[in-house]
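Notes follow once the structure below has been shown.
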There are 2 protein chains.
Amino acid sequence: MPRLASTISTTATEPSRLPDRIYEEILEQIVSGKFSVGDRLPSENQIGTEYKVSRAVVREALSRLAADGVVVSRQGAGTFVHRIPGREFLRLAPIGGIADLMRCFEFRIALEGEAAYLAAQRRTDENLAAIEDAFKRLEEANIAGEVGVELDISYHVAIARASRNNLFMQTLDALAVHTFNGMNITRNLSLTSNRKRLVLVQEEHRRILEAIRVGDEDLARREMRTHIDNARHRALGASVEPE
Amino acid sequence: MPRLASTISTTATEPSRLPDRIYEEILEQIVSGKFSVGDRLPSENQIGTEYKVSRAVVREALSRLAADGVVVSRQGAGTFVHRIPGREFLRLAPIGGIADLMRCFEFRIALEGEAAYLAAQRRTDENLAAIEDAFKRLEEANIAGEVGVELDISYHVAIARASRNNLFMQTLDALAVHTFNGMNITRNLSLTSNRKRLVLVQEEHRRILEAIRVGDEDLARREMRTHIDNARHRALGASVEPE
DNA sequence: TGTTTTAACCTGTCGAACAAGTCAAGATCT
DNA sequence: AGATCTTGACTTGTTCGACAGGTTAAAACA
C-alpha cells in the first residue's frame with residue numbers, strides 16, 4: 001500500500017484553505033499513478049498525522065473527492081480509489097481499410113476544428129509558443145526533406161492542448177494511431193511526388209497558427225477544417241476510390 | 001434575509017450521508033430562488049441548529065458548495081451566494097464540479113453538431129425510425145412526468161449512429177459512461193417541477209429530428225449545437241463572471 | 001475444519017475550545 | 001459635525017476528544 005507524500009506542496013498557486021490543499025495533494029497522488037482503482041487510501045488519522053492537520057480537514061478533502069467520484073468511503077472499511085480523473089476515457093477500435101481512414105478524417109474535421117476555435121479563444125503565451133515551436137520544427141523537416149509525421153502530430157497536439165479542454169486532448173490521443181496513418185500517407189506522397197505540396201501544407205499550418213495567434217476563433221476553426229479536409233483529399237487522391 | 005427550510009427532505013431518494021443531504025438542501029434553496037447572488041446564507045451554527053446536525057456536517061456541505069463555485073466563504077463575514085446554477089445542474093450532479101461539466105458540454109457541441117450534420121446527409125430509413133422511436137419515448141416520458149436520463153441518451157445515440165461513422169458513436173458512448181459513472185441520479189425528481197422546460201427541450205429535439213428527416217445538413221448541425229448550448233445554459237444558469 | 005466471537009480499527013457524527021477575521025456601534029479626535 | 005479609531009459580538013477555520021455504527025481478521029469454540 002503506497003503512502004501519501006508527507007509534505008504539503010509549497011508551490012505559489014496552492015489554495016489557502018487546508019482542506020483544499022489536502023484535496024489537491026491526494027488528488028495529485030491518485031492522478032500521478034501512486035494508487036490504482038480499488039486501492040485503499042491511508043486512514044483519515046494517518047493522513048492527518050502525515051500532513052499535520054486535523055481529521056476534520058482530512059474529512060472535508062475526502063468528502064470532496066467522494067463527491068467528485070474519485071474515491072468511495074465505506075464506514076469501518078476505509079476509503080478506496082474509485083475513478084482516476086484525466087485517465088483516458090476513450091479507447092478506439094483499430095481501423096480497417098480506406099473507408100475507416102476516411103471516417104477518421106471526417107471525425108478529425110469536427111474535433112480539431114473545434115479545438116482550434118477554443119485554442120484561438122483561450123491560448124496562453126505558453127500554448128502559442130508551443131504551437132510556434134512545433135511549426136518551426138515542421139519547417140525544418142520540410143527543408144531537410146524528412147517525412148516528419150511525428151512533428152505534424154505534435155503541431156496538432158499543441159493546438160488541442162491550447163483548447164484547454166482535456167477531452168479534446170484525450171480524444172486526439174485515442175486517435176493517435178489513426179492520425180498517424182493518415183498523416184503518413186499524405187506526407188510521404190507529398191515528399192516523393194511533389195515538393196510544392198509540402199509548401200502548400202505548411203502554408204495551411206501557418207494560416208491556422210496566425211488565426212490562433214490573433215484570436216480569430218471562427219477563422220481558426222475554418223482553417224483547421226479546411227486543412228484536414230484538404231488532407232483527406234490528398235490521401236484520397238493517392239488511393240483507390242473507396243466503396 | 002431568507003432562512004433555510006427547517007426540515008430535511010424525506011424523499012425516498014435522499015443520500016444517506018448528512019453532509020450530502022445538507023449540500024442538496026442548500027443547493028435546492030439557492031437554485032429555487034430563495035437567495036440571490038450576493039445574499040448571505042445563515043451562519044454555520046444557525047444551519048446546524050435548523051437541521052439538527054453538527055457544525056462539522058454543515059462545513060462539509062458548504063465546502064462542497066464552495067468547490068462548485070456556488071458560494072464563497074469569508075472568514076469572519078459569512079458565506080455568500082456567488083453563482084446560481086440552473087435546475088439542470090441538480091440533475092447532472094457534475095463530477096468534478098462546474099468546470100468539468102462545462103468541458104463536457106463544449107466537447108459535445110463539437111461532436112454532436114457534426115454527427116447531426118452527417119446524420120442528415122446519410123441516414124437510412126432505419127436510422128430515422130430509430131431516432132423517431134427515441135423521440136416518441138421521450139415524449140411519453142414527458143407526458144407521464146418522468147424524466148429519463150437514459151432515454152435522453154438513447155435519442156442522442158440514435159443520431160450519432162445515423163452519422164454512420166463509428167468514431168462518433170464510440171466517442172459519445174465513452175463520454176456518456178465517463179460522465180454518468182458515479183453520477184448521482186437521485187435528483188431526477190427535481191425536474192418534474194418545471195413542465196415548461198421539458199416542453200422546450202422536446203421542441204428542440206423535434207427540430208433536430210425534422211432537419212435530419214428532410215436532409216438539411218447545416219440546419220441539423222445548427223439545431224444540435226443550439227440544443228446542447230441551451231442545455232449548457234440551463235445547467236449553469238446566470239452567474240457572476242468568473243475571475 | 002467450519003462457525004462464531006471478539007478485538008482492533010475504520011468512517012460518520014457530535015460538541016467544545018481556540019485562532020483569525022469581519023463589521024457595526026460607540027468613543028474619541030479634529 | 002464629520003472623520004477616525006476602538007471594541008465587542010459574531011463569523012469562519014482549525015484542532016481535539018468522544019462516541020456510534022460498521023468492517024475485518026484473528027482467536028476461540030464446536
Side-chain angles (χ1 to χ4, degrees), chain A residues 1-4 6-10 14-26 30 35 38-82, chain B residues 1-4 6-9 14-26 30 35 38-82 182 184 186:
Chain A
M1 175 62 64
R3 298 177 65 88
L4 295 167
S6 58
T7 57
I8 298 182
S9 164
T10 55
E14 71 191 357
S16 55
R17 288 182 75 250
L18 289 180
D20 297 334
R21 294 189 197 185
I22 304 300
Y23 168 86
E24 297 209 359
E25 282 290 326
I26 298 175
I30 290 171
F35 297 97
D39 281 359
R40 183 178 165 285
L41 296 187
S43 73
E44 295 172 354
N45 278 332
Q46 281 169 347
I47 296 172
T49 300
E50 287 183 19
Y51 285 100
K52 301 188 190 351
V53 295
S54 77
R55 197 176 144 216
V57 167
V58 176
R59 291 191 57 75
E60 269 191 47
L62 290 179
S63 178
R64 275 181 59 195
L65 285 164
D68 288 349
V70 175
V71 301
V72 290
S73 293
R74 295 207 299 282
Q75 184 170 339
T79 299
F80 301 85
V81 175
H82 179 61
Chain B
M1 176 61 65
R3 299 178 63 88
L4 294 168
S6 59
T7 57
I8 300 183
S9 165
E14 72 190 355
S16 54
R17 288 184 73 249
L18 289 180
D20 297 333
R21 293 189 199 185
I22 304 300
Y23 168 85
E24 297 204 0
E25 282 292 325
I26 298 173
I30 291 172
F35 297 98
D39 280 359
R40 183 177 164 286
L41 296 187
S43 72
E44 294 173 355
N45 278 331
Q46 281 169 348
I47 296 171
T49 300
E50 288 184 18
Y51 286 100
K52 301 189 190 345
V53 294
S54 77
R55 198 175 143 217
V57 167
V58 175
R59 290 190 57 74
E60 270 190 45
L62 290 179
S63 179
R64 273 181 60 192
L65 285 164
D68 285 346
V70 175
V71 302
V72 291
S73 293
R74 293 206 300 280
Q75 182 171 339
T79 299
F80 302 84
V81 175
H82 181 59
N184 183 358
T186 64

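A, B, ... follow the sequence lines: proteins, then strands. Residue 1 opens every chain. Values below: every heavy atom of this structure, side chains too, minus hydrogens, waters and symmetry copies.
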Check your understanding: With a 3.5 Å cut-off and just heavy-atom distances, do the side chain of A:Gln75 and the base of D:dG21 make a donor-acceptor pair?
Key -> yes
Exercise for review: Show your working on side chain to side chain contact (heavy atoms under 4.5 Å, CB included) between A:Phe35 and A:Ile26 and close with a plain yes or no.
Suggested key: CA-CA 10 Å; A:Phe35 297 97; A:Ile26 298 175; 5.9 Å; no
[X] side chain: which of [options] is closest?
{"X": "A:Val53", "options": "C:dG15, D:dT12, D:dT15", "result": "D:dT15"}
{"X": "A:Leu18", "options": "D:dT12, C:dT13, D:dT15", "result": "D:dT15"}
{"X": "B:Pro19", "options": "C:dT13, C:dC14, D:dT15", "result": "C:dT13"}

From [atom1] of [X] over to [atom2] of [N], roughly how many Å is that when rounded to an integer?
{"X": "A:Tyr51", "N": "D:dT14", "atom1": "OH", "atom2": "C1'", "result": "18 Å"}
{"X": "A:Arg59", "N": "C:dC14", "atom1": "CZ", "atom2": "C1'", "result": "11 Å"}
{"X": "A:Glu60", "N": "D:dT12", "atom1": "CD", "atom2": "P", "result": "13 Å"}
{"X": "B:Glu44", "N": "C:dG21", "atom1": "CD", "atom2": "C1'", "result": "13 Å"}
{"X": "A:Asn45", "N": "D:dA18", "atom1": "CG", "atom2": "P", "result": "13 Å"}
{"X": "B:Arg17", "N": "C:dC14", "atom1": "CZ", "atom2": "C1'", "result": "14 Å"}

Point to revise | Heavy-atom donor-acceptor pair, A:Glu25 side chain to A:Ile22 backbone, under 3.5 Å | key: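 Looks like no, no N/O pair under 3.5 Å.
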Check your understanding: Where the side chain of A:Arg17 meets the backbone of B:Ser63, is there a donor-acceptor pair that is under 3.5 Å apart?
Key -> no
Review point. Which sits closer to the 5' end of DNA chain D, B:Leu62 or A:Val57, going by the nucleotide each is nearest to?
Key: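 This one resolves to B:Leu62.
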Point to revise | A:Ala56 vs A:Phe80, nearer the 5' end of DNA chain D by closest nucleotide | key: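 Its nucleotide being nearer the 5' end, the pick is A:Ala56.
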Exercise for review: Please figure out whether B:Arg55 or B:Ala77 has its closest DNA chain C nucleotide nearer the 5' end.
Suggested key: B:Arg55
Side-chain N,O ([X]) to OP1/OP2 ([N]) below 4.0 Å:
{"X": "B:Thr79", "N": "D:dT11", "answer": "no"}
{"X": "B:Ser54", "N": "C:dT13", "answer": "no"}
{"X": "A:Arg74", "N": "C:dT11", "answer": "no"}

Point to revise | Step-by-step side chain to side chain contact (heavy atoms under 4.5 Å, CB included) determination, A:Leu62 to A:Leu41 | key: CA-CA 10 Å; A:Leu62 290 179; A:Leu41 296 187; 4.1 Å; yes
Review point. Does a side-chain N-to-carboxylate-O contact under 4.0 Å join B:Glu60 and A:Arg64?
Key: no
